[in-house]
Amino acid sequence: MSARKYRPNAIDLQRLFDRMLSAYGPQHWWPAESDYEMIIGAILTQNTAWRNVETALTQLKSAHIWSWDEVFEAQIETLAEVVRPSGYFNQKARKIKLFSEFLDREFGRSTDDLFQLPIDNLRKVLLAQWGIGPETADDIILYAAKKPVFVIDKYTQRLTSRLGWEIKPANYEGHRASFESLLPHDAKMFGEYHALIDHHCNTTCQKTPKCAECPIVDICNTGAATISSPESATHPVA
DNA sequence: TACCAGGTGACTG
DNA sequence: CAGTCACATGGT
């Protein structure tokens with residue numbers, strides 16, 4: 001008994017944000033003390049649990065690899081051993097090394113001038129770097145450069161699907177275009193929104209959703225179908 | 001134990 | 001555009 005999907009409007013998106021903020025409170029993202037730490041964390045967390053990233057970040061700090069200069073000077077084999085706990089360590093060592101070389105080559109090993117670029121330009125430049133895909137690029141633009149892009153991830157796409165929202169195309173850019181066209185372009189709010197989605201999907205809307213304890217089950221197709229018996233259904237289904 | 005976690009690149013229909 | 005695979009560690 002699954003409900004038909006419908007195209008969400010601005011009210012739906014604002015309501016989802018308000019309800020998650022009320023339920024969970026501010027999330028204080030991104031947890032980093034510098035642009036350097038934020039960008040390294042964004043690369044290390046690719047398809048990886050954040051706790052493993054924390055271990056790798058701690059080891060980087062202990063190894064005195066805690067600036068673009070120090071990454072640039074480090075051997076890639078050393079980087080790989082240090083970031084090993086975050087998984088995919090050979091690839092990730094290469095990614096952060098290449099990023100330091102990019103900053104050295106084009107921006108004097110600093111993100112200051114890079115972040116002066118307009119959003120579309122900045123995004124294009126970041127995506128041109130090996131190992132920087134759409135989500136990592138948008139993480140950097142939003143949480144380090146502090147410009148208003150809406151970050152999409154696996155969780156966002158799972159959540160919109162369960163809510164019963166029809167987003168087309170159903171890929172990264174389709175989702176980003178929908179959120180950005182229906183919400184005010186506010187970097188603070190975008191940052192909080194993405195963080196709330198992450199928290200909600202980490203704790204409640206997991207691969208197997210915990211609808212019985214979900215604080216926003218009343219606005220969700222999946223929750224309605226899961227916890228409501230046909231007789232007691234309280235959700236009109238489009 | 002097998003599955004999963006804040007993706008990306010390379011490659012195939 | 002959608003699907004598949006390799007990449008790898010640590011927690012449950």
Counting any heavy atom closer than 4.0 Å, what does [X] reach on the DNA or RNA strands: base, sugar-phosphate only, or nothing?
X      : value
A:E135 : sugar-phosphate
A:K154 : sugar-phosphate
A:Y155 : sugar-phosphate
A:Q129 : sugar-phosphate
A:R158 : sugar-phosphate
A:G87  : base
A:P169 : nothing
A:T55  : nothing

Just list the side-chain donor-acceptor pairs under 3.5 Å for residues 107-114 of chain A, sequence neighbours left out, or say none.
unit_1, atom_1, unit_2, atom_2, d
A:R109, NE, A:D104, OD1, 2.7
A:R109, NH1, A:D69, OD1, 3.0
A:R109, NH2, A:D104, OD1, 3.2
A:S110, OG, A:D112, N, 3.0
A:S110, OG, A:D112, OD2, 3.4

Using the P atom on both, measure B:dC4 against C:dC5 and round to a whole Å.
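Pairwise P distance, B:dC4 against C:dC5, rounds to 15 Å.
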Is there a residue in residues 42-51 of chain A whose heavy atoms reach under 4.0 Å of DNA chain B, and which residues are they?
A:T45, A:Q46, A:N47, A:T48, A:A49, A:W50
Return a table of donor-acceptor pairs under 3.5 angstrom between the side chains of residues 195-203 of chain A and protein atoms on other chains or two or more places apart.
unit_1, atom_1, unit_2, atom_2, d
A:D198, OD2, A:N202, ND2, 3.1
A:H200, ND1, A:Y24, OH, 2.7
A:N202, OD1, A:Y155, OH, 3.1
A:T203, OG1, A:H199, O, 2.9

Between which nucleotides of DNA chain C, 5' to 3', does chain A make heavy-atom contacts below 4.0 Å?
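So the contact region on DNA chain C extends C:dC1 to C:dG11.
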Who are the side chain to side chain donor-acceptor pair (under 3.5 Å) partners of A:R15, not counting sequence neighbours?
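For A:R15 the side chain to side chain donor-acceptor pair (under 3.5 Å) partners, ignoring immediate neighbours, are A:D12.
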Over 12 non-hydrogen atoms of neighbours within 6.0 angstrom of CD in A:E173
yes
Given a cutoff of under 4.5 Å between side-chain heavy atoms of I, L, V, M, F, W and Y, with clusters grown through shared members, what are the other residues clustered with A:L127?
none
Inter-residue atom distance A:Y193.OH - A:Q27.CD, 0.5 Å rounding
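Reported value, rounded in 0.5 Å steps: 13.5 Å.
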